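Quick notes on the structure that follows.
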Amino acid sequence: MTGGGLLVAGTTSDAGKSVVTAGICRWLVRQGVKVAPFKAQNMSLNSFVTREGAEIGRAQAMQAQACRVEPTALMNPVLLKPGGEQSSQVVLLGKPVGELSARGFFGESGPAAQPQSGAVSPGTRLHGGRQQKLLGTVLDCLAELRGTYDAVICEGAGSPAEINLRRTDIVNMGIARNAGLPVLVVGDIDRGGVFASFFGTVALLSPEDQALVAGFLVNKFRGDVSLLEPGLDMLHGLTGRRTYGVLPFRHGLGIDEEDGLRVSLRGTVRESNTAPPVGDDVLRVAVCAIPLMSNFTDVDALAAEPGVVVRFVDRPEELADADLVVVPGTRGTVRALEWLRERGLADALKRRAAEQRPVLGVCGGFQILGEHIEDDVESRRGQVDGLGVLPVRVRFAREKTLTRPVGEALGERVEGYEIHHGVADVTGGEGFISDDKGHSLDGCRVGQTWGTHWHGSLESDGFRRAFLREVAAAAGRRFVPAPDTSFAALREEQLDRLGDLIEQHADTDALWRLIESGAPQGLPFIPPGAPA
């Protein structure tokens, strides 16, 4: 028997689809429903590695946690990782298969794919028959999940009314139509124009697509809901579709967003913890906002620590008062290196390292801190000099490393995940992460400069505390890590808060009827519909 399903679409990108999907998942699992998340096609630099070694969007891994299940490649069969304004790496069922331009993926006249592991032959373009094969793949994955779980909550991408992409759509109405999924459209009222966005979204869909759009969910509302109700009643009269809930604005719920490029350069990470420091001093962390920044969630665990202040920076003077500088991961290591040099940040980082002031490089940031990069894969720039502050030489391999390693560092257990083409040859310094026999597993340390390929290592509470104690000592700060901060517990609290939003502010009975029985019959057509 096929399980129930729902597609959470949005009037725009960043309308709140990911967190609403997670909230519905957490609400359902608390009701005893066996539920799984699904996103057919994701565009994100923020990814995760499943236990079987598949790369998926980090948002879907977070949603799987909301469902209290292990994430798998079935939950995000197609992942696009931007490598610039015009091209993306295509990850299919957790493995990279090629590099394509936007026109090559969505259209018919883009440049040919550049294969990375033999999975895509030269000259392949993902349009026409290829796009149909992708649709078949994602439908097979969805069907397998629906055959295993009581319900599958699917997340759309962008807007379902992107009429220029409807013919090749495999993530919004394309999958809703093929799988018979009811659609709930989320709108961010904090941006303004939500009523026009709701109406326009429906009115730009074909009659067949409109028949699946059951109604709306208002997100990020501030104020008295009674003032909104006349508008909701008029929207119902205009569209024949009801509003399934009005979610209030809440700070600090933007966990594991898809796109690190939207992070404000001088803003804090989400809502940094406001608890006072345990010691006498705070610890200031500056994160270099390099181009194509990936897995910026690595610093979330730092921001969760009382007394740790995290900010993104893009100027050398902003490093002056930092106790720790983080060079994060990136989808474009050589491009990021050039950006650091153009901004004067490269020289500032080298001075910090020489002065024994703490610097941490993660994945692409680790590679940047090394002596030499040989890249015929990502940028295809060949031989490039790194910053030279760590004795590491990096060669980019065509096969991508995708693992979930475990080790020890600073006397504490460390878990992480690896997503990189670069292979590091460490020629000196101290090992950073080792196995239980003391053999080096990853990374390098020289003085107060550290580097590692492992994402997520700072989520290991004991290691994070030990690392922050070292940073504080080197910086001369009387900072003391809180003894009881559990990043996993904080994540669970956030997911429960999302579940609470749905339970308290949505019509959950009506939502369950949608999931179980599909869109209501007889929903009216709103002209003009999709253009011919």
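Each residue takes its place number in the sequence, starting with 1. Keep in mind that this is a model prediction, so the values were computed, not measured.
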Aromatic ring pairing W450/F467, orientation class (parallel under 30°, perpendicular over 60°, tilted between): perpendicular
Lys/Arg-Asp/Glu bridge criterion (N-O < 4.0 Å) met for R343, D314: yes
Cationic N near anionic O, under 4.0 Å, D500 to R30: yes
Note, [X] side chain near [Y] side chain (heavy atom, < 4.5 Å):
{"X": "E378", "Y": "H420", "result": "no"}
{"X": "E412", "Y": "S460", "result": "no"}
{"X": "F48", "Y": "M62", "result": "no"}
{"X": "L292", "Y": "W339", "result": "no"}

Centroid-centroid under 6.0 Å between H455 and Y417 rings: yes
If we ignore angles and hydrogens, is there a donor and acceptor under 3.5 Å between the side chains of [X] and [Y]?
{"X": "T403", "Y": "E418", "answer": "yes"}
{"X": "S18", "Y": "E155", "answer": "yes"}
{"X": "Q89", "Y": "K400", "answer": "yes"}
{"X": "H372", "Y": "E374", "answer": "no"}

Partners passing side-chain contact (heavy atoms from CB on, under 4.5 Å) against L441 (at least two apart in sequence or in another chain): D435, W454
Salt bridge (Lys or Arg N to Asp or Glu O under 4.0 Å) contacts touching residues 472-481 (sequence neighbours left out): D280-R478, D323-R477
Listed once per pair and sorted, the salt bridge (Lys or Arg N to Asp or Glu O under 4.0 Å) pairs that draw on residues 452-463, sequence neighbours left out: R58-E459, D461-R464
